[in-house]
Amino acid sequence: MGMTMTAEAVEARKAYQREYRRRNRDKINSQRKNWRAENRDKVQRYNREYWERRAAKAKNIRASWEDYGITPERLNELIEIVKSNKHDAVVLSAAHRADEKAAGHIIMSVKENASYEALEAKQAAGKIERIALGRSDFYGTRRLFFHYLDDALKEINSL
């Protein structure tokens with residue numbers, strides 16, 4: 001049975017912690033500095049893991065078509081390739097690379113020319129599973145999908 005603290009208790013604890021840190025700032029900073037000096041390998045590993053997580057999170061979901069170098073004409077070509085069922089393996093791979101959980105919804109959106117709202121309506125009707133992303137992230141991931149697809153098709157054509 002977990003009991004939650006009242007708002008007053010939480011505020012009292014925060015005030016105590018702030019005051020403790022203020023009074024013991026030099027001691028705390030010294031202890032942290034000594035720990036970092038004694039554990040350089042851990043500090044480097046923690047920093048590396050932190051920045052790798054940040055980089056993975058920031059697949060740059062908000063990148064524009066221009067950022068990806070995709071013109072409106074090229075976008076139309078890519079849409080036609082997806083709709084034609086040519087290069088299905090490449091299309092599926094690009095969708096999974098963009099977002100594992102939303103891959104099916106992305107492909108459905110492109111093939112059926114369906115908006116996020118149309119997919120939500122299908123979901124509400126029980127015809128498809130829940131969409132793993134919110135609206136903005138979905139469209140950002142959809143742009144990322146086209147970027148990956150464009151890159152993969154360019155690589156295939158250069159072989």
Side-chain angles (χ1 to χ4, degrees), residues 1-72 74-75 78-79 81-82 87-110 115-117 119-120 123 128-159:
M1 275 191 175
M3 301 270 303
T4 59
M5 289 194 288
T6 64
E8 293 83 16
V10 170
E11 285 306 313
R13 183 177 68 180
K14 285 181 183 177
Y16 170 80
Q17 289 171 339
R18 277 193 301 270
E19 180 58 25
Y20 178 87
R21 285 183 186 272
R22 189 191 61 73
R23 279 192 327 264
N24 297 293
R25 181 175 297 138
D26 292 337
K27 176 183 166 189
I28 292 169
N29 288 344
S30 173
Q31 288 172 339
R32 287 181 178 174
K33 185 177 180 181
N34 291 339
W35 185 89
R36 284 193 304 269
E38 293 168 6
N39 297 285
R40 290 187 192 284
D41 56 332
K42 285 184 182 179
V43 171
Q44 288 176 343
R45 189 180 82 229
Y46 295 159
N47 281 332
R48 185 183 65 249
E49 290 171 357
Y50 171 79
W51 288 108
E52 286 175 359
R53 278 193 314 272
R54 290 279 308 261
K57 262 187 191 176
K59 289 188 219 174
N60 201 4
I61 261 344
R62 304 288 188 249
S64 68
W65 295 111
E66 293 85 30
D67 293 335
Y68 292 131
I70 297 176
T71 63
R74 180 60 177 161
L75 176 61
L78 294 170
I79 290 171
I81 288 170
V82 173
H87 305 289
D88 273 349
V90 177
V91 168
L92 188 59
S93 174
H96 278 277
R97 188 170 168 205
D99 190 293
E100 196 75 28
K101 294 176 183 167
H105 292 106
I106 291 168
I107 293 171
M108 182 186 305
S109 168
V110 176
S115 67
Y116 180 82
E117 289 75 15
L119 294 178
E120 276 189 324
Q123 173 194 330
I128 62 173
E129 292 179 15
R130 181 175 120 15
I131 303 168
L133 301 169
R135 186 178 191 283
S136 295
D137 287 346
F138 177 79
Y139 283 116
T141 303
R142 193 172 183 263
R143 286 189 298 274
L144 185 62
F145 156 72
F146 280 114
H147 167 66
Y148 289 148
L149 179 60
D150 187 40
D151 283 353
L153 292 172
K154 285 177 181 173
E155 189 174 314
I156 288 171
N157 290 334
S158 71
L159 297 177

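- Annotation: side chain to side chain contact (heavy atoms under 4.5 Å, CB included) contacts of Ser109 (sequence neighbours excluded): Leu119, Phe138, Arg142.
- Scanning for ring-ring contact (aromatic ring centres under 6.0 Å, His included) contacts around His96 gives an empty result, with sequence neighbours left out.
- Residues meeting the salt bridge (charged side-chain N to carboxylate O under 4.0 Å, His left out) test with Arg130, sequence neighbours left out: none.
- Residues Asn39 and Tyr46 fail the side-chain proximity criterion, which asks for heavy atoms closer than 4.5 Å.
- When the side-chain hydrogen bond (donor to acceptor under 3.5 Å, both in side chains) test is applied to Arg22, the partners found at least two apart in sequence or on another chain are Glu19.
- Checked against side chain to side chain contact (heavy atoms under 4.5 Å, CB included), Ala102 has the following partners two or more places apart in sequence or in another chain: Asp99, Ile106, Leu133.
- By the salt bridge (charged side-chain N to carboxylate O under 4.0 Å, His left out) test, Asp151 pairs with no residue at all, sequence neighbours left out.
- A heavy-atom distance below 4.5 Å is not found between the side chains of Ser136 and Tyr116.
- Closest of all the heavy-atom pairs between Ala132 and Lys101 is CB-CB, 3.6 Å.
- For Ile107, the side chain to side chain contact (heavy atoms under 4.5 Å, CB included) partners are Val91, Leu92, Ala95, Lys111, not counting sequence neighbours.
- Listed by first and then second residue, the salt bridge (Lys or Arg N to Asp or Glu O under 4.0 Å) pairs that reach into residues 34-47 are Arg45-Glu49, sequence neighbours excluded.
- Partners of Asp137 under the side-chain hydrogen bond (donor to acceptor under 3.5 Å, both in side chains) rule, at least two apart in sequence or in another chain, are Arg62.
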Review point. What do the steps show when you test Arg74 against Leu153 for side chain to side chain contact (heavy atoms under 4.5 Å, CB included), and what is the final call?
Key: CA-CA 12 Å; Arg74 180 60 177 161; Leu153 292 172; 4.1 Å; yes
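- Distance check: Leu78 CG to Tyr148 OH gives 15.0 Å after rounding to the nearest 0.5 Å.
- Side chain of His105 to main chain of Glu129: a donor-acceptor pair is present (N/O by atom type, distance under 3.5 Å, no hydrogens or angles).
- The ring-ring contact (aromatic ring centres under 6.0 Å, His included) search around Trp35 returns none, not counting sequence neighbours.
- In this structure, the side chain to side chain contact (heavy atoms under 4.5 Å, CB included) partners of Asn29, at least two apart in sequence or on a different chain, are Arg25.
- Under a 3.5 Å cut-off, the side chain of Asp150 and the backbone N or O of His147 do not form any donor-acceptor pair.
- A pairwise comparison of heavy atoms in Ile70 and Leu75 identifies CG2-N, 3.8 Å as the closest pair.
- Remark: Glu66 engages no residue in a salt bridge (charged side-chain N to carboxylate O under 4.0 Å, His left out) (not counting sequence neighbours).
- Ring planes of Phe146 and Trp65: tilted class, angle from 30 to 60°.
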